[in-house]
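The next block holds one structure in the form of structure tokens; read it before the comments.
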Amino acid sequence: MAYQLYRNTTLGNSLQESLDELIQTQQITPQLALQVLLQFDKAINAALASRVRNRVNFRVSEAEPTRSGPGLRAALTRSPLCPQGSLNTYRFCDNVWTFVLNDVEFREVTELVKVDKVKIVACDGKSECEQNLAGPGRFWPC
Amino acid sequence: MASSANSNQVPKLYRGVIEDVINEVRELFLDEGVDEQVLLELKTLWESKLQQSKAVEGFHTEEQAALQAAQQQQQAHQAQQVPQQAQTQQVILPPPQQQAPQQQVIVQDPKILQHMSATGMSAAATAATLALPTGVTPYQQLITNQGQILQVVRAPNGTQYIIQQSQQPIVLQQQMQPGGVQAPVIQQVLAPLQGGLSQQTGVIIQPQQIVLASGNKVQGNTQVVQAAAMVQQPGQAAMAAAAGGVAQVQQAQAAAPQAPPQPQAQQQTQPQPQAQQQPPMMLQVDGAGDTSSEDDEDEEEYDEDEEEEKDKDGGEDGQVEEEPLNSEDDVSEDEDQELFDTENVVVCQYDKIHRSKTKWKFHLKDGIMNLNGRDFVFSKATGDAEW
């Protein structure tokens, strides 16, 4: 049983929307749609484990870019303890980590992507037997 | 593969996943007794949504590749060139072609090229394959006796358009369809107007009389093809009225006034001899804030309704204006963000999360990231942050 974690991605969401449309037009049953999603979970987990082979690094942006008024104020109020801190929040619930980072740059061999805010949702990489970690939540385990 | 850019990797990965899923699910579909066609529809929908999201660059499907190849052939035959601009997204039926094995829909978005298969499509598949902009949903699907599928779609602004899909190879030609007289099909055809008001006429469209006149009315960058019902069949008690259907879906409302499409539609109605016209069947298309008044019994009532609706609109507008006022209180970081509103999300698994005092270290794996609207994947990711 694979994580349902990846359903809230571009790929997963587009699949869910497509399935919803087919359900609405009654071309498939909700049960069948669920089966498809389970199959998607397996496929995406397998694909990520086997077909993807690249590394990414992320870190705080080097220097706080000098910004105009509101930005600076925001930077100071964001973390009173660490003016340069980039980890905004962290949460560990049901073995799922959720982080919100600010001012991060993601580095790969070929490109660099900077974002002001990013949310990271991470399930336990060691335990593959987790499924449907949250009952009501369709997307998020926690 | 390690040296290839991530952006090259992602489309291949996604395509691989789609193929895997579709193939695995085929059995499930058959077990449930669901037609293979539905499976293909699912795939088409899925791929089209991915393309629409623009999260993946250069995401081509096999169909799209075939479409592009066919498009290049047909564009050479086309007498009228369809001007293309990236700003407006349109569904345009190509001008008359004599060798069109398939009905093709050209969408004026360079990234999106869809094509419809000749077989019957559902409303959902239609929406996807027509690459309708978000918010436009197939409202009705009308099937004429010829087997042509008229898709009535509803745009978020309330206008309705009719999009014709044909299962016959030759459709977009100004000719009468041969064949015997068939029972008239009562249908509702709606002529879209630029201003957002929908004009509705109930018509009976003779199946043979659905002819597309390639009206070359260019509204900015659009080519309007109108479906008009031609002369009615003799011996029919029912009447045929013109169907001013315009197969056109626009994201950006053209600046052209409302007048052009309307007189053009009417021009096509007038020359056609009409014995009678069925009483229009009103199709309720309005939602909240619709300014079209329905009752004209009393002038006072009319004025009141109008005023009420105006107040409603004014209220809504006022509400919209109030929100920015309140948001000034917030420390807004939105200005610093990139173009996209998408929250950058990374969905992955963690190998190890480590913390020392306020120093955090992340060891992640098997992740999909959506950053600034684009998708990335990684097998391993490490990071540092300070809280």
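For clarity, every value in this text was computed on a predicted model and none was experimentally measured. Residue numbers start from 1 in every chain, and the chains themselves are labelled A, B, ... in the order their sequence lines are given, proteins ahead of strands.
Here the closest heavy-atom approach between residue Val377(B) and residue Asn54(A) is recorded as O-ND2, 2.9 Å. When all heavy atoms are compared, the tightest approach of Gln349(B) to Ala122(A) is C-CB, 4.1 Å. Nearest heavy-atom pair, Val36(A) versus Phe29(B), reported as atom, atom and distance to 0.1 Å: CG2-CE1, 3.7 Å. Annotation for Val113(A) and Phe376(B): closest pair CG2-CZ, 3.7 Å, computed over non-hydrogen atoms. Between Ser379(B) and Val52(A) the shortest heavy-atom distance is CB-O, 3.3 Å. Across every non-hydrogen atom of Asp384(B) and Ser86(A), the tightest pair is O-OG, 4.4 Å.
The closest side-chain heavy-atom distance from Glu24(B) to Phe40(A) is not below 4.5 Å. In this structure the side chain of Val34(B) reaches within 4.5 angstrom of the side chain of Leu32(A), judged on heavy atoms. You'll find the side chain of Val347(B) stays beyond 4.5 Å of the side chain of Tyr3(A), heavy atoms only. Side-chain contact between Asp366(B) and Asn45(A) is absent, with no heavy-atom pair separated by less than 4.5 Å. Taking the side chain as every heavy atom from C-beta outward, Phe99(A) and Tyr350(B) never approach each other to under 4.5 Å. No side-chain heavy atom of Val121(A) sits less than 4.5 Å from a side-chain heavy atom of Cys348(B). Side-chain contact check for Val56(A) versus Lys380(B): every heavy-atom pair is 4.5 Å or farther apart. For the pair Val345(B) and Val118(A), the minimum side-chain heavy-atom distance is 4.5 Å or more.
Distance check, rounded to the nearest 0.5 Å: CG of Leu19(A) to CG of Leu45(B) gives 9.0 Å. With values rounded to the nearest 0.5 angstrom, Glu111(A) atom CD is found 5.0 Å from Arg374(B) atom CZ. In this structure, NZ on Lys43(B) lies 13.0 Å from CG on Leu15(A), to the nearest 0.5 angstrom. One finds the NZ atom of Lys119(A) at 11.5 Å from the CG atom of Asn344(B) (value rounded to the nearest 0.5 Å). Between the CD atom of Glu32(B) and the CD atom of Gln31(A) there is a distance of 7.0 Å, given to the nearest 0.5 Å. Taking CG of Leu87(A) as the start and NZ of Lys359(B) as the end, the distance is 11.5 Å to the nearest 0.5 Å.
The local environment of CD in Glu27(B) is sparse, with at most 12 non-hydrogen atoms from other residues, nucleotides or ligands closer than 6.0 Å. Arg55(A) CZ: more than 12 foreign heavy atoms inside a 6.0 Å radius.
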Derivation of the side-chain contact (heavy atoms from CB on, under 4.5 Å) call for Lys49(B) and Gln16(A):
CA-CA 10 Å; Lys49(B) 285 186 197 294; Gln16(A) 292 192 80; over 6 Å; no

Set out, in order, the CA-CA distance, both residues' side-chain angles and the distance that settles side-chain contact (heavy atoms from CB on, under 4.5 Å) for Ile120(A) and Leu364(B), then state yes or no. CA-CA 10 Å; Ile120(A) 301 181; Leu364(B) 310 170; 4.1 Å; yes

| task | List the steps, then state whether side-chain contact (heavy atoms from CB on, under 4.5 Å) holds for Asn370(B) with Thr10(A). | result | CA-CA 8 Å; Asn370(B) 185 279; Thr10(A) 312; 3.5 Å; yes

Would Leu48(A) and Leu13(B) count as a side-chain contact (heavy atoms from CB on, under 4.5 Å) here? Give the steps.
CA-CA 8 Å; Leu48(A) 284 174; Leu13(B) 177 74; 4.2 Å; yes

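Most heavy-atom pairs under 4.5 Å with chain B: of the set Asn57(A), Leu11(A), Thr9(A), Leu101(A), this distinction falls to Leu11(A). Counting heavy-atom pairs under 4.5 Å between each of Gly367(B), Ala385(B), Gly33(B) and chain A puts Ala385(B) at the top.
Note: Phe362(B) and Phe58(A) meet the aromatic proximity criterion, with ring centroids under 6.0 Å apart.
Using a 4.0 Å cut-off between charged side-chain N and carboxylate O, Asp20(B) and Arg51(A) make a salt bridge. A salt bridge does not link Glu386(B) to Arg59(A): none of the charged nitrogens lies less than 4.0 Å from a carboxylate oxygen.
Looking only at atom types and distance, the side chain of Ser14(A) has a donor-acceptor partner in the side chain of Trp46(B) under 3.5 Å away.
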